[in-house]
Number of protein chains: 2
Amino acid sequence: MSLRIALLGLLTTSGPSSGYDLAKRFESSINHAWQARHSQIYPELNKMAADGLVTVEEEGPRGRKTYTIAAEGRRELREWLLEGTPSRSIRSEGALRAFLLPTLEPHEAAARLRAEAEVYTARLAELEALKAAKASWKRPGFGEHALELGIRQTRVVRDWAEETAAEIERAAGDPPGGE
Amino acid sequence: MSLRIALLGLLTTSGPSSGYDLAKRFESSINHAWQARHSQIYPELNKMAADGLVTVEEEGPRGRKTYTIAAEGRRELREWLLEGTPSRSIRSEGALRAFLLPTLEPHEAAARLRAEAEVYTARLAELEALKAAKASWKRPGFGEHALELGIRQTRVVRDWAEETAAEIERAAGDPPGGE
DNA sequence: ATAGGCATGTAATCAGTTACATGATTTT
DNA sequence: AAAATCATGTAACTGATTACATGCCTAT
């Protein structure tokens, strides 16, 4: 269901788009919350059109189909957003990695955590750049909020990784009780 | 693959456990990074035993099987953690929701964001309580790092939701350029 | 002309959820 | 005796990834 919602959301915030456009947008704007490949997006858009959530308003050059959100689609997105029981499901490979890194030897864990921190620093730079070039959304002011969340979350993981690396090294070099 | 890794990780940090134990542990310790139901865990453990990553050391009362990580399992976990190309895949329904909330009318979005913030505040309290009662891990000091990350991430989303709600209300009440 | 990007699709496989199914042990 | 919890499993379905497949249009 979430893929449907994500697509409806993107069609709302970016206006009429092709499946190709939406696939790219999954990589840029919404990437820190959800991902989908074109092989999942195209069939889903067809189903959504069959269900009356979107319409194909025009067909362009290379068989390009431009999808527009329909009233029924707006209704469905709205209902999902207002619905009371939000499932808090989350699957983050990065967080899992972070969780398990301390099972390595202290010096290995610390080194790896610092490498992770670097990846997040790079990601952060990308996001900051995106923020600076914030001209790509139809509703002005919309993307900024989401981007801000992405930036803060990335920063928090980065900082955690650095601090944890330092603490692990400190604990290994200066064992308080033993082990 | 990640499920396998998560199970190997839990067997490392909590020692020999049954599938039932591991299912519960997915709900408590590792929940903010990954989830899995028993219907996925039991078959996976059987496959892992067939692949020599874990062994069944003892069988208890109600057909209970206690799995222990094998050398091959430790090797696989270690390799995964040290491997260079970490896929940054993440799927967070909460983040998706946060992303799309600003598509609602300002007052609706703000109200919903505040409701979200409350959920995160409650979750934060749970995690803080867990942190206080941190006596359940075999390797002392291990769980704390992961828990700390969970706490910080939850806090960041909570704060973002509150601030964004306030900003949306401000912008709606005091439109600078129009719309 | 050819390389790169645009654009859509399908098939096979793997991962994950929901629902069904069963039975033992412990607690009230 | 009944209810709660422990404990494992399977089947049907939905969601997601990887690989395959095709062809158009634009810039060099």
Side-chain angles (χ1 to χ4, degrees), chain A residues 1-8 10-11 14 16-28 30-31 33-51 53-54 56-68 80 85-93 96, chain B residues 1-8 10-11 14 16-28 30-31 33-51 54 56-67 80 85-93 96:
Chain A
M1 190 83 304
S2 292
L3 173 61
R4 234 162 220 241
I5 296 300
L7 289 170
L8 290 171
L10 288 175
L11 286 174
S14 331
S17 319
S18 67
Y20 189 87
D21 294 338
L22 292 166
K24 269 191 304 178
R25 211 160 296 270
F26 262 103
E27 274 165 35
S28 54
I30 210 173
N31 186 262
W34 211 264
Q35 303 102 93
R37 311 289 152 107
H38 76 270
S39 60
Q40 201 187 356
I41 292 169
Y42 291 131
E44 188 65 28
L45 283 171
N46 281 324
K47 274 185 241 161
M48 286 163 76
D51 293 349
L53 304 181
V54 296
V56 179
E57 290 295 314
E58 55 167 308
E59 308 218 1
R62 295 145 257 225
R64 177 191 171 98
K65 292 191 245 174
T66 302
Y67 291 91
T68 304
W80 187 83
T85 54
S87 129
R88 294 287 154 224
S89 94
I90 184 166
R91 273 207 175 75
S92 163
E93 206 175 298
L96 180 61
Chain B
M1 190 82 309
S2 292
L3 174 60
R4 235 162 219 240
I5 297 301
L7 289 170
L8 290 172
L10 288 175
L11 286 173
S14 330
S17 319
S18 67
Y20 189 86
D21 294 338
L22 292 166
K24 271 191 304 179
R25 212 160 296 270
F26 262 102
E27 276 166 35
S28 54
I30 211 173
N31 186 261
W34 210 264
Q35 307 101 151
R37 309 290 151 101
H38 75 271
S39 60
Q40 201 186 357
I41 293 168
Y42 290 131
E44 187 65 28
L45 283 171
N46 281 325
K47 275 186 241 161
M48 287 163 77
D51 293 349
V54 296
V56 180
E57 290 293 315
E58 55 165 309
E59 309 218 1
R62 296 144 257 230
R64 177 192 170 95
K65 293 192 247 174
T66 302
Y67 290 90
W80 187 83
T85 55
S87 128
R88 294 285 154 223
S89 95
I90 184 166
R91 273 206 175 76
S92 163
E93 207 176 297
L96 179 62

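Letters go in sequence order (proteins before strands), and every chain restarts at 1.
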Report yes if some heavy atom in the side chain of [X] is under 4.5 Å from a heavy atom in the side chain of [Y]; otherwise report no.
X: His38(A); Y: Leu22(A); value: no
X: Asp21(A); Y: Ser14(A); value: no
X: Val56(A); Y: Tyr67(A); value: yes
X: Thr66(A); Y: Glu58(A); value: yes
X: Trp80(A); Y: Leu96(B); value: yes

Whole-Å distance separating the [atom1] atom of [X] from the [atom2] atom of [N]:
X: Arg25(B); N: dC6(D); atom1: CZ; atom2: C1'; result: 15 Å
X: Leu3(A); N: dG16(C); atom1: CG; atom2: C1'; result: 15 Å
X: Asp51(B); N: dC14(C); atom1: CG; atom2: P; result: 13 Å
X: Glu93(A); N: dG16(C); atom1: CD; atom2: P; result: 10 Å
X: Leu45(A); N: dG15(D); atom1: CG; atom2: P; result: 15 Å
X: Gln35(B); N: dA15(C); atom1: CD; atom2: P; result: 17 Å
X: Glu27(A); N: dT17(D); atom1: CD; atom2: P; result: 12 Å
X: Ile41(B); N: dT17(C); atom1: CD1; atom2: P; result: 10 Å

Checklist entry - Closest approach of Ile41(B) and Gly19(B), non-hydrogen atoms and distance? => result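 Taking every non-hydrogen atom into account, CG2-O, 4.2 Å.
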
Item to check | Short side-chain N/O contact to dT17(C) OP1/OP2 from Arg91(A), under 4.0 Å | outcome: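 Yes, Arg91(A) has a side-chain N/O under 4.0 Å of OP1/OP2 on dT17(C).
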
Checklist entry - When every nucleotide of nucleotides 7-13 of chain D is labelled 5' to 3' by its protein contacts under 4.0 Å (heavy atoms), B for base, S for sugar-phosphate only, - for none, what sequence of letters results? => result BBBB---

Checklist entry - If you check every side-chain atom of Arg37(A), which of dA16(D), dT18(D), dT18(C) has the closest atom? => result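 Among dA16(D), dT18(D), dT18(C), the one nearest the side chain of Arg37(A) is dT18(D).
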
